[in-house]
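These notes are about the structure you will find just below.
A note on names: the letters A, B, ... follow the listed sequences, proteins ahead of strands, and every chain is numbered from 1.
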Amino acid sequence: MSESRKTDDPQMRTPERTEAQGEAQTRVRSVDPTALPKHFEALEVETRWDKVWQDSGIYHYDPSRPREETFVVDTPPPTASGSLHIGHVFSYTHADVVVRYRRMMGMNIFYPMGWDDNGLPTERRVQNYYHVRCDPNTPYEEGLKLEQASSKVRKKPARLISRPNFIEACFDLIKEDEEAFSETWHRLGLSVDWRQQYQTIDANSRRMAQRSFLDLWKKKEVYTSDAPTMWDVDFQCAIAQAEVEDRETPGAFHKIEFAVEGEAASFVIATTRPELLPACVGVTAHPEDERYKPFFGKRAVTPLFRAPVPIFPSEVADPEKGTGILMVCTFGDQTDVQWWRNEGLELRQVVGFNGRLRSVDFSEAPYESLDAEKANEAYGELAGKNLKQARAKIVEMLGDPAGSATGNGAPLQGEPEAISHAVKFFEKGDRPLELLPTRQWFCRLLDKKEQMLAKGEQIEWHPPHMWARYRDWTENLSLDWCLSRQRFFGVPIPVWYPLDAEGERDFDHPIVADLASMPVDPTTDTPPGYEEEQRGQPSGFVGDTDIFDTWFTSSLTPQISSHWGEDDDRHASLFPADMRPQGHDIIRTWAFYTIAKAMLHEDEVPWKNAMISGWILDPDRKKMSKSKGNVTTPLPLIEKYSADAARYWAASARLGTDTAFDENVWKVGKRLVTKMLNAGKFVLSQTGEVVPITAELDRAFVAKLKALVASATANHEVFQYANALQETESFFWTHFTDTYLELAKSRARAYADAEANPDQSFSAEEVALSGSAVASLRLGLSVLVRLFAPVLPYITDEVWSWSFAAESEGNAAKSVHVAAWPGEADFASVPEPAHEASFDIAVAALGAINKAKADAEVSMGREVNSLVLAGAADSLAVLEGVAEDVLGAARVSAHRFEEKASLGASEFEVVSIEFADKPERSA
RNA sequence: GGGCGCGUAGCUCAGUUGGUUAGAGCACCUCGUUUACACCGAGGGGGUCCGCGGUUCGAAUCCGUGCGCGCCCACCA
């Protein structure tokens with residue numbers, strides 16, 4: 001820490017700064033290496049620079065600049081639900097690298113940060129953290145203070161708190177979480193404009209989501225419908241298609257015998273859901289299935305409940321599966337819903353919203369039984385049980401011949417056959433989804449597939465094949481978007497329903513809130529034209545208690561940032577955005593819905609580019625996820641290797657590519673940072689006259705550098721930051737530190753030697769050559785620092801600040817991150833080399849001598865008294881132009897070049913070499 | 001069952017439109033090293049480019065096919 005403290009004082013870093021002020025500068029301002037930090041103290045550097053960047057406002061969006069100079073990022077608002085995942089560091093770095101490049105290209109960057117705090121993850125975390133449950137019937141408790149639940153408290157049932165108290169608790173917890181995230185983002189060096197922060201739950205976002213709903217209502221794109229919906233019995237909430245995932249789950253085929261009404265015949269169905277037998281409303285088989293053909297049009301009778309149900313043919317039934325004939329229930333799966341609709345079957349809803357079997361009466365419609373008494377007796381054993389318990393019970397009952405509808409003995413045929421099959425779950429849920437008829441709000445999307453595909457095509461996907469994921473999802477969409485959720489912490493649906501004289505809700509004439517009143521909460525706000533006293537009264541009104549699907553709000557992130565509908569100038573400047581960074585797992589949700597919203601509201605695309613990051617897999621190539629317990633948390637790694645190393649690791653992976661986590665890459669990043677520090681110290685401590693770059697080696701080096709800049713720039717332009725980094729890194733080691741630096745070193749030092757030895761005479765030419773080396777070393781460093789800046793913001797600004805900043809004007813004087821990206825201007829005054837191959841020839845010649853030293857097992861620094869080096873005539877001709885540098889670097893005092901025609905281009909051979917005596921070590 | 005991506009050194013990955021002897025870093029082996037850097041330097045070993053077949057003067061690259069891995073979708077009685 002002691003060394004690094006010195007760097008706090010900029011005067012210490014550039015000791016000759018004041019000396020050169022005010023007069024024409026004739027000498028390069030070198031820095032005193034002893035005043036520079038010995039080591040890279042990541043924590044200190046990162047804290048210091050983050051503060052500098054925030055204070056200087058270099059990341060601020062400038063609304064006065066025109067749209068075409070502005071680059072707008074639709075940053076993903078992370079779900080603030082506790083802890084950060086290493087995958088966050090990965091994908092957010094990708095976006096930041098792109099942003100930093102564009103900023104250096106002179107773009108006016110709009111880079112906000114949002115927090116996706118509305119929704120289930122927050123609710124669930126609040127439930128666990130405080131061990132509470134929201135109960136809308138519990139009265140509000142003013143000033144309720146909750147504390148993290150102890151393990152003792154957790155053993156008792158969760159405490160019930162009111163809806164407003166629950167929401168307050170959510171707000172409290174997200175505040176903490178968002179601060180923790182924010183800290184990590186700062187540490188990682190994300191160049192966001194922190195003035196542009198939002199939460200998906202804040203008043204503006206709520207207003208924006210409700211405005212969106214109002215617009216869709218006016219356009220007749222939203223509607224309510226009472227229909228079977230996927231339902232999570234734990235969250236007691238409707239779920240959208242996009243939130244569903246399949247999980248391979250053990251199950252069993254149960255073969256159950258049904259009777260045919262009025263006949264001696266019977267058949268056996270196979271089901272994995274025997275507990276839905278009381279909800280059976282029909283039986284179906286393939287129309288061509290000879291086994292069951294005779295039964296079509298007749299009625300089957302279920303065992304236990306003796307319910308007569310129609311037997312009908314259906315193309316969808318697969319004769320190969322199970323027994324080829326199956327029972328239709330309300331509802332076992334999506335095909336049941338189809339049959340139910342097409343055949344006009346009864347609705348027998350035995351599964352309750354809480355996942356337990358409701359009480360029903362088989363003597364009343366829609367239930368029916370040939371023996372209601374026995375049916376009710378059997379069902380009495382099941383009512384109140386959860387689905388798992390009910391399944392066990394009914395299997396037991398089906399094993400008893402008393403339940404048979406045929407008199408053939410036990411309805412259950414043989415042992416259940418264990419299978420493993422995919423079952424639909426809510427992605428955040430623990431129990432399988434049920435299909436329950438409920439009233440929900442939907443947004444029409446099924447009729448817009450073509451337009452959605454057209455919009456998707458207007459977007460550039462990076463990498464391009466990610467377009468296919470969007471296309472496939474859109475083409476295969478089978479349900480409209482279910483917008484309503486029976487939850488608490490989210491944006492309320494801004495709707496009330498009139499009550500008729502009997503107190504029944506009139507769903508056909510909902511009262512939608514007007515814009516001026518938004519954001520509203522219909523559970524506490526009064527609809528226009530009513531008095532609050534009429535709430536819940538006949539001929540009065542009642543507020544919708546549901547909230548929006550969290551994607552309904554987060555699909556508006558571009559509009560939330562652009563203040564759509566509130567500030568037209570700003571909206572015009574920021575919408576559509578230029579880039580949406582995100583993971584490929586949420587193409588079907590976040591990307592899809594965002595495209596939908598932009599289309600529905602303004603017939604626009606939300607952004608021009610979609611930048612899709614891959615996943616971090618654990619070393620066994622499995623996806624890291626909390627449920628698997630293989631998640632790596634980023635902060636300890638950042639502390640161990642530095643933020644720059646973390647970013648190096650992230651930026652090494654190409655877009656869209658899933659990458660196995662490998663700590664070695666962090667190590668390599670750390671090594672690169674150290675090397676940069678040392679190279680910077682060395683180059684900037686060189687002194688020389690300010691002269692043009694003239695020496696052949698220098699010109700050849702600059703030519704290579706120029707090619708690197710062209711290539712890296714081209715890569716960045718197409719979001720290929722990983723390629724840009726790789727070639728820059730490779731150049732840095734191979735052409736800069738390992739070769740050019742070594743080759744130009746002795747010449748660069750000549751001027752300093754001249755100053756130190758005034759007695760010796762140095763020609764003007766020698767001074768010019770020395771200055772040329774110093775100038776091109778500095779040019780190389782300056783260019784490389786800028787090329788690395790998007791990936792390694794800390795070390796690059798540190799090195800930049802030692803000297804380049806003070807020499808710069810305008811933005812570049814503040815920080816490398818607002819300096820100009822390297823380009824033509826940097827190389828304009830440097831002439832092309834006489835020979836294109838000069839640099840490679842010099843490197844090859846030095847390499848040959850080094851190899852001779854390695855073979856002789858002497859040090860690379862060992863002086864050479866005499867050397868005979870052979871090469872082809874062409875090579876030797878080029879070598880002449882750079883020979884002094886080669887011989888200087890190899891410490892050769894006497895040499896002879898010898899022609900050898902058999903050698904290829906850039907190939908040299910040491911014919912003989914004689915080393916000086918090993919120097920005595922000084923005490 | 002359909003789609004997308006992937007399979008290259010022990011590990012993590014590059015390999016542009018087909019073109020010398022297939023690359024990098026890490027790891028490994030040998031040697032060296034204190035005037036930028038041991039968070040170093042030089043040198044070295046290591047590959048049936050998943051298998052098979054085809055196109056071609058020439059294939060890691062293009063085509064076909066098989067196998068394996070990951071993801072998405074469909075099915076899921």
Side-chain angles (χ1 to χ4, degrees), chain A residues 33 36 38-40 245-246 248-249 251 253-256 269-273 276 283-285 316-318 321-329 332-336 419-424 463 465-469 471-473 475-478 584-585 587-588 614-615 617 619 621-623 641-642 645 649 652-654 656-665 667-686 720 722-723 726-727 729-730 733-734 737-738 741-742 745 749 846-847 849-862 921-922:
Chain A
L36 297 177
K38 177 87 177 135
H39 297 292
F40 185 74
E245 68 180 25
D246 286 350
E248 202 59 29
T249 309
F253 267 128
H254 299 76
K255 290 183 179 157
I256 302 167
I269 62 107
T271 180
T272 56
R273 301 287 309 267
L276 291 180
V283 167
T284 189
V316 188
D318 179 357
K321 216 156 207 174
T323 56
I325 189 165
L326 63 126
M327 68 169 179
V328 178
C329 309
D333 61 37
Q334 204 68 45
T335 26
D336 280 348
I419 56 158
S420 174
H421 62 156
V423 177
K424 284 190 194 314
H465 72 256
M466 290 299 173
W467 149 250
R469 302 237 186 157
R471 186 196 57 213
D472 292 353
W473 173 257
E475 282 173 352
N476 294 321
L477 199 67
S478 59
H584 55 61
D585 50 333
I587 288 175
R588 64 178 184 157
W615 278 339
L617 310 174
R621 302 207 71 86
K622 294 277 180 288
K623 186 192 172 188
Y641 294 104
S642 81
W649 162 75
S652 296
R654 274 137 192 86
T657 309
D658 295 348
T659 309
F661 181 77
D662 184 3
E663 207 171 314
N664 263 323
V665 183
K667 219 164 97 183
V668 175
K670 188 178 177 179
R671 207 171 65 106
L672 174 63
V673 169
T674 305
K675 192 73 173 178
M676 175 133 273
L677 177 94
N678 286 310
K681 269 162 49 174
F682 175 72
V683 168
L684 293 176
S685 62
Q686 302 304 311
Q720 302 269 27
N723 289 348
Q726 198 189 39
E727 64 194 352
E729 183 193 11
S730 162
W733 290 97
T734 313
T737 63
D738 289 349
L741 223 66
E742 296 302 326
K745 207 184 240 182
R749 283 197 186 119
L846 179 61
I849 304 169
N850 281 344
K851 184 159 171 12
K853 287 180 176 178
D855 289 346
E857 297 188 355
V858 303
S859 97
M860 291 303 124
R862 189 68 163 270
R921 279 183 179 233
S922 52

*Mind checking salt bridge (Lys or Arg N to Asp or Glu O under 4.0 Å) for Arg273(A) and listing every partner two or more places apart, or none if nothing turns up?*
Glu275(A), Glu434(A)
_By nearest atom, which of the nucleotides G3(B), G5(B), U12(B) is closest to the Val665(A) side chain?_
U12(B)
_The criterion is side-chain hydrogen bond (donor to acceptor under 3.5 Å, both in side chains); which residues satisfy it with Glu475(A), sequence neighbours excluded?_
none
*Judged by atom type as modelled, is there a donor-acceptor pair below 3.5 Å linking the side chain of Lys853(A) to the main-chain atoms of Arg862(A)?*
yes
*Taking only residues two or more places apart in sequence or in another chain, which ones pass side chain to side chain contact (heavy atoms under 4.5 Å, CB included) with Asp318(A)?*
Glu320(A), Lys321(A)
Tabulate atom names and distances for all N/O pairs under 3.5 angstrom spanning the protein and nucleotides 74-76 of chain B.
{"from": "C75(B)", "atom 1": "O2'", "to": "Lys321(A)", "atom 2": "NZ", "distance (Å)": "3.4"}
{"from": "C75(B)", "atom 1": "N4", "to": "Asp246(A)", "atom 2": "OD2", "distance (Å)": "3.0"}
{"from": "C76(B)", "atom 1": "O2", "to": "Ala422(A)", "atom 2": "O", "distance (Å)": "2.2"}
{"from": "C76(B)", "atom 1": "N3", "to": "Ala422(A)", "atom 2": "O", "distance (Å)": "3.3"}
{"from": "C76(B)", "atom 1": "N4", "to": "Lys424(A)", "atom 2": "NZ", "distance (Å)": "2.5"}

*Should Lys745(A) be listed as having a side-chain N or O under 4.0 Å from OP1 or OP2 of U35(B)?*
no
*With distance as the sole criterion, do the side chain of Glu742(A) and the base of A36(B) form a donor-acceptor contact below 3.5 Å?*
yes
*Selected nucleotide, minimal atom distance to Arg654(A) side chain, candidates G70(B), C13(B), A36(B)*: C13(B)
*Parallel, tilted or perpendicular for Trp615(A) and His584(A), by the 30°/60° rule?*
tilted
*For Lys424(A), what residues pass the salt bridge (Lys or Arg N to Asp or Glu O under 4.0 Å) criterion, not counting sequence neighbours?*
Asp246(A)
_I want to check one thing: is the phosphate of A36(B), taken as OP1 and OP2, less than 4.0 Å away from some side-chain N or O of Arg749(A)?_
yes
*Any idea which of C37(B), C71(B), A36(B) is nearest the Lys38(A) side chain?*
C37(B)
Taking only N/O atoms, report every protein-nucleotides 41-46 of chain B pair under 3.5 Å with atom names and distance.
{"from": "G41(B)", "atom 1": "OP1", "to": "Lys675(A)", "atom 2": "NZ", "distance (Å)": "3.3"}

